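In what follows, a single structure is set out as structure tokens and then discussed.
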There are 2 protein chains.
Amino acid sequence: MSSSAGSPDSGGIPDIAGNGNGSGQPGTAANGRPLPEATIARLPVYLRALYSLSERGVSTVASDELSAAAGVNSAKLRKDLSHLGSYGIRGVGYDVDYLVYQVSRALGLTQRWPVVIVGGGNLGRALANYGGFVNRGFKIAAILDSDRGLIGRRIGDVAVRHVSDLEDVVAMNKVVIGVIAVPAPAAQGVCDRLVAAGVTSILNFAPLVLKVPDGVDVRKVDLSIELQILAFHARRRSAVRVERVPEDEQVPEEESV
Amino acid sequence: MSSSAGSPDSGGIPDIAGNGNGSGQPGTAANGRPLPEATIARLPVYLRALYSLSERGVSTVASDELSAAAGVNSAKLRKDLSHLGSYGIRGVGYDVDYLVYQVSRALGLTQRWPVVIVGGGNLGRALANYGGFVNRGFKIAAILDSDRGLIGRRIGDVAVRHVSDLEDVVAMNKVVIGVIAVPAPAAQGVCDRLVAAGVTSILNFAPLVLKVPDGVDVRKVDLSIELQILAFHARRRSAVRVERVPEDEQVPEEESV
DNA sequence: CGCCGTTTGTGAACGGATGCACAAAGTCCA
DNA sequence: TGGACTTTGTGCATCCGTTCACAAACGGCG
């Protein structure tokens, strides 16, 4: 524990309405310092595990179980959660529903963020159909595409609109999060328009490095990069394994295409 | 890769035929130590930037330019590349094509890895159509789905097969990399079958934590996690600035960035 | 009421990654 | 040929994240 976390007590579950850590600033830990980036990246994983537990009727969970479900070290889990405040009960564990609430609040998911998806191809459609998970904290303000043949087609429960509506959609719905699911050559242009329209957070699926002004947050998801990292480890593994593997089992060596 | 794997020897570029760093072990740096994980994760980004330069006819690039194109610090780029060997020329920069070759080799992309994609829905289709990028080092051995209505349908230039062929496909093509693009409830089962069949590297798009035995490498791509991280930063930003106003007249000057 | 087993929260040590700053090494031109 | 200029490769200090290990805190039980 630390300085000024006005931690209520009174036996039961404390502090539902307030912000729990005494700091009015969102995105700050109980000690007033910003949340570590690595912690932020893990909170959604915990949250999903917690939802799963909650749906199964589990009301209390210890850090051992929760960390196992999330695939992380238990000490790491405890330290991550301790950054949000002191919400565990020693000797018992964490109240699942209360922790769902606290983690959601820490992530800013007490509101539903409108998201605009640019690109109505297979990827855009896959994203829109993510349904159950996207809906926890997000709603699709619009799906945009430049192909007029797609306009009006419904994906999930949203109709595709033309990309020329981008600025209108962002302004009308106060969208600050955009997803780019267009081919690489079109991505930077879409990005520039999103930023100009007021979007400050971008999830980029196009395989290129977007240039954005300071203050705009970009995260990228790139299939080919992930595959290449896997290939690296796979090759290292296969090279180590060669000694104890029959010769015809080896992964093909050099090959000119 | 279009040109020959045996790399060009022109103008005193050293050490072509060997593995460049004197170590026979793939995945090790020039000093014999394993490559840092952070470096591995960036190599694909450099590689893409290098391909782009090469296609534009650029033959030589300095770390400043390349690092800008890759969106990283130039010292970081140089240190990353130095782990592969000393392939730069002081006062000049790096030979683009030669660096493409070296980075490809470091990543294990001198061979084309067969990949099996499980799930022929929108996501699986999107992955299969990644085309140009997936083909740099990878080929799709098969796309599998449990929906018999999809069987035989062509995606890219691969026909969808039934998921019951999984073990056959993996065995026949010596597949070690699998992509899971099925709904969450089916993912663990698919994962278990892939592992049992011999797959040791898995790229998971389903929103859950896969349980795998030691020695199996799993990377996950999760839209909702990325969105939640973006939401966190978006909320922090919006809290620092004033609440968004419908009118676009606001220029808050709280802090300079 | 006090003891016991359990679990949290965290201090501290460690290891990896980052970025600065500079010497070494090469090119280019007069 | 030599000197000025450019750019690499890296030592070093720093920061961030991970993990161990344990004292403090809690509920339950006799």
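Below, read A as the first sequence line, B as the second, and so on, with proteins coming before strands; counting in each chain starts at 1. These numbers come from a predicted model, not from an experiment.
Computed from coordinates, the A:R90 CZ to D:dA25 P distance equals 6 Å when rounded to whole Å. With rounding to whole Å, B:L77 atom CG is found 14 Å from D:dT10 atom P. Distance, B:D95 CG to C:dG26 P: 16 Å, rounded to whole Å. Straight-line distance from the OH atom of A:Y46 to the P atom of C:dT8: 13 Å, rounded to whole Å. Computed from coordinates, the A:E65 CD to C:dT8 C1' distance equals 14 Å when rounded to whole Å. A:I89 places its CD1 atom 11 Å from the C1' atom of D:dA25, with the value rounded to the nearest Å. The OH-P distance, from A:Y87 to C:dT8, rounds to 16 Å in whole Å. Between B:L81 atom CG and D:dT7 atom C1' the separation is 13 Å, expressed in whole Å.
Within the 4.0 Å cut-off from OP1 or OP2 of C:dG9, at least one side-chain nitrogen or oxygen of A:S86 is found. Residue B:S63 places no side-chain N or O under 4.0 Å from the OP1 or OP2 atom of D:dT7. Between D:dT6 and B:Y94, no contact under 4.0 Å exists linking OP1 or OP2 to a side-chain N or O.
Every residue was checked against the side-chain hydrogen bond (donor to acceptor under 3.5 Å, both in side chains) condition with B:Y94, not counting sequence neighbours, and none meets it.
Residues A:D95 and A:I89 are not in side-chain contact: their nearest non-hydrogen atoms beyond the backbone lie 4.5 Å or more apart.
Looking at A:S54, its side chain never comes within 3.5 Å of a backbone N or O of A:Y51 through a donor-acceptor pair. For the pair A:R48 (side chain) and B:P207 (backbone), a donor-acceptor distance under 3.5 Å is present. With hydrogens and angles ignored, the 3.5 Å screen pairs no side-chain donor or acceptor of B:R42 with any backbone N or O of B:D80. Side-chain atoms of B:W113 come within 3.5 Å of backbone N or O of B:G108 as a donor-acceptor pair.
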Short N/O separations, protein against nucleotides 18-20 of chain C, under 3.5 angstrom:
from: C:dT18; atom 1: OP1; to: B:R42; atom 2: NH1; distance (Å): 2.9
from: C:dT18; atom 1: OP2; to: B:R42; atom 2: NH1; distance (Å): 3.3
from: C:dT18; atom 1: OP2; to: B:R42; atom 2: NH2; distance (Å): 2.9
from: C:dG19; atom 1: OP2; to: B:K76; atom 2: NZ; distance (Å): 3.3
from: C:dG19; atom 1: O6; to: B:K79; atom 2: NZ; distance (Å): 2.4

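In this structure, CD in B:E37 is found 3.5 Å from NE2 in A:H233, a value given to the nearest 0.5 Å.
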